[in-house]
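Some notes on the structure that comes next.
Heads up: numbering here begins at 1 and tracks the sequence.
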Amino acid sequence: MYTLRPYQQDAVDATLNHFRKSDAAAVIVLPTGAGKSLVIAELARLARRRILVLAHVRELVEQNHAKYTALGMDGGIFSAGLGRRDNEHQVTFASVQSLARNLDSFDDQFSLLIIDECHRVSDDENSQYQQIIAHLKARNPGLKVLGLTATPYRLGYGWIYRYHHRGMVRAEEERLFQQCIYELPLPFMIKQGYLTEPKLIDAAIAHYDFSSLQPSDSGSYNETELNSLIAKHPRVTRAICEQIVELGGQREGVMIFAATVRHAQEIIGYLPEGESALIIGDTESDERERLIQAFKQKQIRYLVNVAVLTTGFDAPHVDMIAILRPTASVSLFQQIVGRGLRLSPGKTNCLIIDYASSGFDLFHPEVGKPRPDSNSEPVQVFCPGCGHANIFWGKTDAEGQVIEHFGRRCQGLLEMEGETPQQCDYRFRFKECPHCGAENDIAARNCHQCGEAVVDPDDLLKRALQLKDALVIRCAGVSFGNTNGRLRIIYHDEQGEELSESFDLTHSGQRGVFNRLFGRRFGDGAKPQKFQSADEVVSQSEGFRAPDFVIARKVGRGQNSHWRVRERLFDYEGNYRKANQL
């Protein structure tokens with residue numbers, strides 16, 4: 001019998017509380033090694049109706065089933081790889097591939113579907129997961145869906161759920177999973193002693209440079225290209241293996257992740273014979289099981305594999321991870337490192353060496369918008385609308401104060417009793433609708449409020465550039481001055497050209513126009529203000545952000561002709577080069 005850790009019980013309680021009041025699909029996020037199988041087992045034990053537990057590999061199916069039976073319960077297994085096709089039990093543990101091929105065997109009503117490693121679920125309605133979900137919901141429209149994962153995001157997709165239980169919006173687009181109802185971060189688990197501390201060192205004597213290769217959408221690389229690149233640097237592989245043996249000699253279990261089968265075969269040739277083993281996709285089932293058991297029993301110290309032991313592999317004594325394969329997926333990187341974070345007697349840390357120079361932050365992975373540039377860092381920006389503490393990419397000064405951020409919309413979640421949660425509608429960067437004045441996302445083509453077309457900035461620039469009586473400048477900066485009580489704004493082009501305009505802030509109409517254009521964007525939108533006088537604007541001029549382009553039209557004739565500013569394009573994202581961009 002197992003006793004649930006406090007956080008595992010909290011995860012179970014969060015699930016029960018959520019599904020008592022909602023049918024929305026939910027996610028539990030626990031780091032690798034935190035014991036998701038026990039959470040699944042306890043939920044299955046408490047169930048009074050039929051439950052189906054899905055996993056994508058037979059090792060996870062077997063592992064989840066074993067934890068359930070350890071609680072004194074009897075559950076079925078439906079997995080061709082495990083040679084069983086049970087479908088009459090109250091709780092069934094199944095592989096997604098076997099079940100998808102035998103949907104007719106599951107025509108009864110299920111009350112709950114639990115998906116392990118749920119970040120693998122695709123939006124494609126023709127995928128095996130989606131076919132299973134549609135099949136089960138056709139028989140029970142009230143089916144509840146729960147996902148568990150250590151990495152709730154996918155490369156090129158972002159977060160797999162929309163709302164976080166701490167009041168954050170992770171994705172504005174629709175997702176299968178609506179809410180993350182429970183999460184414990186990796187640093188907490190390590191600090192509390194539930195997981196082993198990863199010791200990431202940069203002591204590698206050699207690295208592979210995979211930067212010239214382009215990954216696929218899934219983050220993987222072409223095998224032929226990998227073999228070609230690795231073959232050009234045989235001394236690198238040899239030097240790396242020599243260091244692995246040197247550092248691994250005092251370790252209990254060393255897992256080595258190779259790039260390709262040919263690469264793995266080369267690696268195994270440099271490792272101590274009799275202490276090393278290789279597992280690849282083509283390794284026979286019985287042989288794979290024999291090698292894994294020998295490794296778990298510490299008869300083998302070095303275990304080399306190619307993309308087969310990243311999930312569903314449980315060997316707590318592993319205390320060294322050597323990554324010799326590239327990946328563009330932070331999720332996969334965390335899964336690999338997670339193989340070494342389980343607790344084991346006498347184990348004080350797990351040595352992690354990344355010979356592929358992946359560059360991921362294990363504790364704070366970059367998910368969603370990519371880093372704008374190398375000088376950007378996560379910064380906290382409070383929403384003036386709801387007060388939510390947003391985390392955006394941004395820049396700080398020497399004192400740590402935020403001087404610029406790249407956030408577009410508040411991530412805060414507004415929850416009112418009895419109402420559907422809504423994302424805060426405050427936008428730090430926006431495109432104003434010329435028809436109703438509503439603020440829209442800078443990439444919007446139609447106004448979210450009135451539905452009318454929002455002018456495309458590229459179309460606006462293209463038309464202006466074709467007109468003889470129009471002037472377009474790439475604005476590199478803006479300055480403010482007080483001219484006889486009127487506010488004068490000067491827009492500076494990167495080539496030294498200037499355009500200017502003025503506002504009489506003593507006049508309510510012009511004051512309103514200025515505040516709508518500039519006051520709303522003061523302090524990057526995080527500190528919007530309504531200015532009352534020219535002196536007030538000039539005294540706080542450092543807080544204003546310049547527009548990216550300014551468009552003016554010529555008015556008047558002869559000596560009386562002059563340029564009048566017509567458009568100011570803020571937050572531009574398009575095909576035209578902005579000021580000081582190469």
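In this view, R429 and D571 satisfy the side chain to side chain donor-acceptor pair (under 3.5 Å) rule, not counting sequence neighbours. Listed by chain and residue number, nothing satisfies the side chain to side chain donor-acceptor pair (under 3.5 Å) test with E225 (two or more places apart in sequence, or in another chain).
Side-chain contact, D124 with Y129: no donor N or O sits under 3.5 Å from an acceptor N or O. For the residue pair N126 / Q130, no side-chain donor-acceptor distance below 3.5 Å is found, with atom types taken as modelled. There is no side-chain donor-acceptor pair under 3.5 Å between Q334 and T32. Side-chain N/O atoms of Y161 and R170 include a donor and acceptor closer than 3.5 Å.
Between R409 atom CZ and Y426 atom OH the span is 13.0 Å, to the nearest 0.5 Å.
Taking the ring centre of F210 as origin, the terminal cationic atom of R325 falls outside the region bounded by 6.0 Å and 45° from the ring axis. Cation-pi contact between R521 and F570: present, with separation from the ring centre below 6.0 Å and deviation from the ring axis of at most 45°.
Annotation for R120: atom CZ does not count as buried by contact number, only 12 or fewer foreign heavy atoms lying within 6.0 Å.
The only member of Q63, M255, E59 that meets side-chain contact (heavy atoms from CB on, under 4.5 Å) when paired with F313 is M255. Between E439 and the choices K431, R520, R408, the salt bridge (Lys or Arg N to Asp or Glu O under 4.0 Å) rule is met once, by R520.
Legend: ring pair (Phe, Tyr, Trp, His ring centres under 6.0 Å) pairs involving residues 25-67, not counting sequence neighbours, sorted by first then second residue: H65-F93.
K36 has no carboxylate O lying under 4.0 Å from a charged side-chain N of D116, or vice versa, which leaves the two without a salt bridge.
Between Y153 and W159, the angle of the ring planes goes over 60°, which puts this pair in the perpendicular group of the 30/60° scheme. Using cut-offs of 30° and 60° for the angle between ring planes, the H317 and F295 rings count as tilted.
The distance between the ring centers of F428 and F392 falls below 6.0 angstrom. For an aromatic pair to be called close, the ring centres must be under 6.0 Å apart, and Y68 with H89 fails this.
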query = Could you walk me through whether Y7 and F188 pass the ring-ring contact (aromatic ring centres under 6.0 Å, His included) check?
reply = CA-CA 11 Å; Y7 68 83; F188 172 86; 7.7 Å; no
